[in-house]
Amino acid sequence: PGWDSVVNAQTGYMSPIYLRLSDEHLIDILTLEAVNFHGEECVGLTIGVQIALKVMRKMNTGMRDPELSISLNAGGCLIDTVQGYSGATVGNGRLIIKGIDTSNECVVFVGRDKKIRAEIEPYSHLTSQQVAMMNCHDMFTLIEE
């Protein structure tokens, strides 16, 4: 699915084997899927991939889990990133876009038994390289609800 950005393609990403991959390998996979969908690697994409990695670990599921729904208030780059790595869209009912606003970005992931909200710090003044070297806690806060 990540190679062709085919939204309804099936994948084995929910398998425990996938979740046992190293963080670096998962970041590579998520980044590739997001870049294929969005068209470029940018700061919003880098932050979105870091959020996905942390949420996957906390929820113990893949981003393409059909029971995972995502709602967000974010800019276009982050919206594209989430769609690219998750396969969630408005059409398949897994994506709700609450607003397009880069000044107050927030992404909420709702799974079978967990809900996690990512509140994102403003990042328009940063480059992708700076974000890649930052601690996740400086980029966003995850709140389990």
Side-chain angles (χ1 to χ4, degrees), residues 1-9 11 13-14 18-145:
W3 288 97
D4 295 325
S5 294
V6 177
V7 176
N8 62 352
T11 182
Y13 287 146
M14 290 175 21
Y18 178 74
L19 293 173
R20 282 189 239 143
L21 294 174
S22 69
D23 286 358
E24 293 79 16
H25 194 170
L26 280 173
I27 286 171
D28 288 346
I29 291 168
L30 293 167
T31 299
L32 179 62
E33 291 180 343
V35 168
N36 283 341
F37 187 83
H38 181 56
E40 68 174 338
E41 192 164 351
C42 62
V43 178
L45 186 138
T46 303
I47 290 174
V49 165
Q50 291 291 329
I51 290 169
L53 174 68
K54 299 299 181 194
V55 169
M56 286 173 64
R57 296 294 189 213
K58 285 186 173 288
M59 295 183 104
N60 197 35
T61 192
M63 285 289 110
R64 291 188 179 265
D65 182 339
E67 294 187 36
L68 180 69
S69 63
I70 304 166
S71 64
L72 65 163
N73 178 56
C77 293
L78 188 53
I79 292 170
D80 279 1
T81 297
V82 170
Q83 285 186 283
Y85 64 56
S86 70
T89 66
V90 173
N92 67 22
R94 292 184 48 227
L95 182 69
I96 299 168
I97 300 172
K98 299 213 174 206
I100 299 175
D101 179 6
T102 57
S103 65
N104 188 26
E105 292 183 305
C106 177
V107 184
V108 179
F109 301 85
V110 180
R112 286 181 281 274
D113 57 355
K114 283 190 182 179
K115 180 178 180 180
I116 298 176
R117 185 174 74 239
E119 294 180 351
I120 299 128
E121 295 296 324
Y123 56 82
S124 61
H125 61 288
L126 299 170
T127 66
S128 291
Q129 293 78 16
Q130 290 172 314
V131 169
M133 296 184 335
M134 291 175 69
N135 185 314
C136 291
H137 301 294
D138 295 330
M139 293 184 282
F140 57 86
T141 303
L142 293 183
I143 302 163
E144 291 190 49
E145 300 178 343

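Below, all heavy atoms of this structure are taken into account, side chains as well, without hydrogens, waters or symmetry copies.
Just one of V35, L32, T81 meets the side-chain contact (heavy atoms from CB on, under 4.5 Å) condition when paired with E41; it is V35. The side-chain contact (heavy atoms from CB on, under 4.5 Å) with Y85 is formed by just one residue from the set E33, M56, H38; it is E33.
No more than 12 heavy atoms of other residues, nucleotides or ligands lie within 6.0 Å of CD1 in I100, so this atom counts as exposed by the packing criterion. Counting heavy-atom neighbours within 6.0 Å of K114 NZ, excluding the residue itself, gives a total above 12.
Atom CE in M134 sits 11.5 Å away from atom OG1 in T46 (nearest 0.5 Å). A distance of 8.0 Å separates OG1 in T31 from CD in Q50, rounded to the nearest 0.5 Å. Expressed to the nearest 0.5 Å, how far CG of L72 lies from CD of Q83 amounts to 8.5 Å. Note that CD of E121 is 10.5 Å distant from CZ of F140, once rounded to the nearest 0.5 Å. Once rounded to the nearest 0.5 Å, the distance linking CZ of F37 with CG of D80 reads 5.5 Å. T102 OG1 to I120 CD1: the interatomic distance, rounded to the nearest 0.5 Å, is 11.0 Å.
Residue S128 comes nearest to C42 through the heavy atom pair OG-C, 3.0 Å, listed as atom of the first residue, atom of the second, then distance. Nearest heavy atoms, N92 versus R94: OD1-N, 3.0 Å. The two residues G44 and L78 make their nearest non-hydrogen contact at O-CD1, 3.6 Å. A pairwise comparison of heavy atoms in L30 and A52 identifies CD1-CB, 3.9 Å as the closest pair. In terms of heavy atoms, M139 sits closest to V131 at SD-CG1, 3.1 Å. The shortest heavy-atom contact between V110 and M59 is C-CE, 4.0 Å.
Side chain of D23 to main chain of L53: no donor-acceptor pair is present (N/O by atom type, distance under 3.5 Å, no hydrogens or angles).
Counting heavy atoms from C-beta outward, I70 and S86 have side chains that approach closer than 4.5 Å. Counting heavy atoms from C-beta on, the side chains of V55 and V107 never come closer than 4.5 Å. Counting heavy atoms from C-beta outward, L26 and R57 have side chains that approach closer than 4.5 Å. Contact check for C77 versus L45: no side-chain heavy atoms found under the 4.5 Å cut-off.
Take S103 and apply the side chain to side chain donor-acceptor pair (under 3.5 Å) test, not counting sequence neighbours, and it matches D101.
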(request) Before giving the answer on side-chain contact (heavy atoms from CB on, under 4.5 Å), spell out for R112 and D65 the whole-Å C-alpha distance, their side-chain angles and the decisive distance to 0.1 Å. (result) CA-CA 10 Å; R112 286 181 281 274; D65 182 339; 3.0 Å; yes
